[in-house]
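Reading through the structure tokens given below for one structure.
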Protein chains: 2
Amino acid sequence: MSINELFKALSDENRRRILDLLRNGELTAGEIANHFDISKPGISQHLSVLKNADLVYAFKKGQYVYYSLNSTVFQDVMKWIIQFNSKGEN
Amino acid sequence: MSINELFKALSDENRRRILDLLRNGELTAGEIANHFDISKPGISQHLSVLKNADLVYAFKKGQYVYYSLNSTVFQDVMKWIIQFNSKGEN
DNA sequence: CTTTCATTTAAGTAATTACTTAATTACTTA
DNA sequence: TAAGTAATTAAGTAATTACTTAAATGAAAG
């Protein structure tokens, strides 16, 4: 969960779209995949990147895996950004 | 100046270090390059990515090119992030 | 004017990334 | 227990990215 991993995860358009989808609530991997023209394994890999960056939670229920936002980590990005509005401290 | 270009620009560790350096004030391309183990053309390319994403200003003075932060664009990133703390509007 | 210095552009390469299809794992249900 | 469904892992490939060195541009100073 480095800041680098975090920015790398956010640098992909499709991954950001996934995060956007999850703003409306949790979704299964398959439901997420249905919104894209990418293969399911492709989406699975994106989800794995998001999970490793702690941007999403994943929990398994039966044969489904539910994904949801971990909004706390967005605050790390926020903190990083804030430095550039305030001058020179930190 | 798309949000995609912006996140792509921020996804590189060295480019983020450049932005960090510029928090203390403007620097010439050469001064920036001195802080890195990368060749000058390498740094020049990073600066070009940052400039295209509007994260930095560049102005030429004699044979030097001065780079400085454009803090307004950070607010675009901020706006994007904020969506994920507040629930579901927008 | 020609030499020097700062920077960028050009061209090539190695590493990384985003995908694909095929195979595997894990769970559910007939 | 066999067949079907959801998701992931594995392995390969095409595209992108981050670098390199060499060449070009442009301003300054001898």
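Proteins get letters first, then strands, A, B, ... in listed order; numbering begins at 1 in each.
- Remark: C1' of dT7(C) and CD of Glu31(B) are 13 Å apart, rounded to the nearest angstrom.
- The two residues Lys40(A) and Gly30(A) have their closest heavy-atom pair at NZ-CA, 4.3 Å.
- With pairs defined as Watson-Crick or G-U wobble and both atom distances under 3.5 Å, the stems of at least three pairs that touch DNA chain C come out as C:1-30 with D:1-30.
- For the pair Ile32(B) CD1 and dT7(C) P, the computed distance is 9 Å after rounding to whole Å.
- Listed here is the closest heavy atom pair of Leu55(A) and Val73(A): CD2-CG1, 4.4 Å.
- Between Leu27(B) atom CG and dA6(C) atom P the separation is 15 Å, expressed in whole Å.
- Tracing side-chain contacts under 4.5 Å through hydrophobic residues (I, L, V, M, F, W, Y), one never reaches Val49(B) starting from Phe74(B); they form parts of separate clusters.
- Contact between Ala29(B) and Ile43(B) at its shortest, heavy atoms only, is O-CG2, 4.4 Å.
- Membership of an apolar cluster is not assigned to Tyr57(A), as no side-chain contact below 4.5 Å to another ILVMFWY residue is traced.
- Contacts between residues 60-69 of chain B and DNA chain C, defined by a heavy-atom separation below 4.0 Å, involve Gln63(B), Tyr64(B), Val65(B), Tyr67(B), listed by number.
- Shown here are the side chain to side chain donor-acceptor pair (under 3.5 Å) partners of Tyr66(B), two or more places apart in sequence or in another chain: there are none.
- The shortest side-chain heavy-atom distance between Tyr67(A) and Phe59(A) does not fall under the 4.5 Å cut-off.
- Residues passing the side chain to side chain donor-acceptor pair (under 3.5 Å) test with Ser48(A): none are found, sequence neighbours excluded.
- In this structure, NZ of Lys51(B) is placed 11 Å from C1' of dT7(C), rounded to the nearest angstrom.
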Nucleotide by nucleotide, 5' to 3', does protein get under 4.0 Å of the base (B), only the sugar-phosphate (S), or neither (-) in nucleotides 11-19 of chain D, counting heavy atoms?
B-----SSB
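- dT9(C) atom P lies 15 Å from atom CD1 of Ile43(B), rounded to whole Å.
- Residues passing the side-chain contact (heavy atoms from CB on, under 4.5 Å) test with Gln63(B): none are found, sequence neighbours excluded.
- Using a 4.0 Å heavy-atom criterion, one finds that Ser48(B) contacts no nucleic acid atom at all.
- Distance, Asn52(B) CG to dT9(C) C1': 14 Å, rounded to whole Å.
- Here Gln75(A) pairs with Asn85(B) under the side-chain contact (heavy atoms from CB on, under 4.5 Å) rule; sequence neighbours left out.
- For Ser44(A), no side-chain nitrogen or oxygen approaches OP1 or OP2 of dT9(D) to under 4.0 Å.
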Show me, pair by pair, the donor-acceptor contacts under 3.5 angstrom made by side chains of residues 10-21 of chain B, not counting sequence neighbours?
unit_1, atom_1, unit_2, atom_2, d
Ser11(B), OG, Lys8(B), O, 2.7
Asp12(B), OD2, Asn14(B), N, 2.9
Asp12(B), OD2, Arg15(B), N, 3.0
Arg15(B), NE, Ala9(B), O, 2.8
Arg15(B), NH1, His46(B), ND1, 3.1
Arg15(B), NH2, Lys8(B), O, 3.1
Arg16(B), NH1, Leu10(B), O, 2.8
Arg16(B), NH2, Asn4(A), OD1, 3.0
Arg17(B), NH2, His35(B), O, 2.9
Asp20(B), OD1, Arg23(B), NE, 3.3

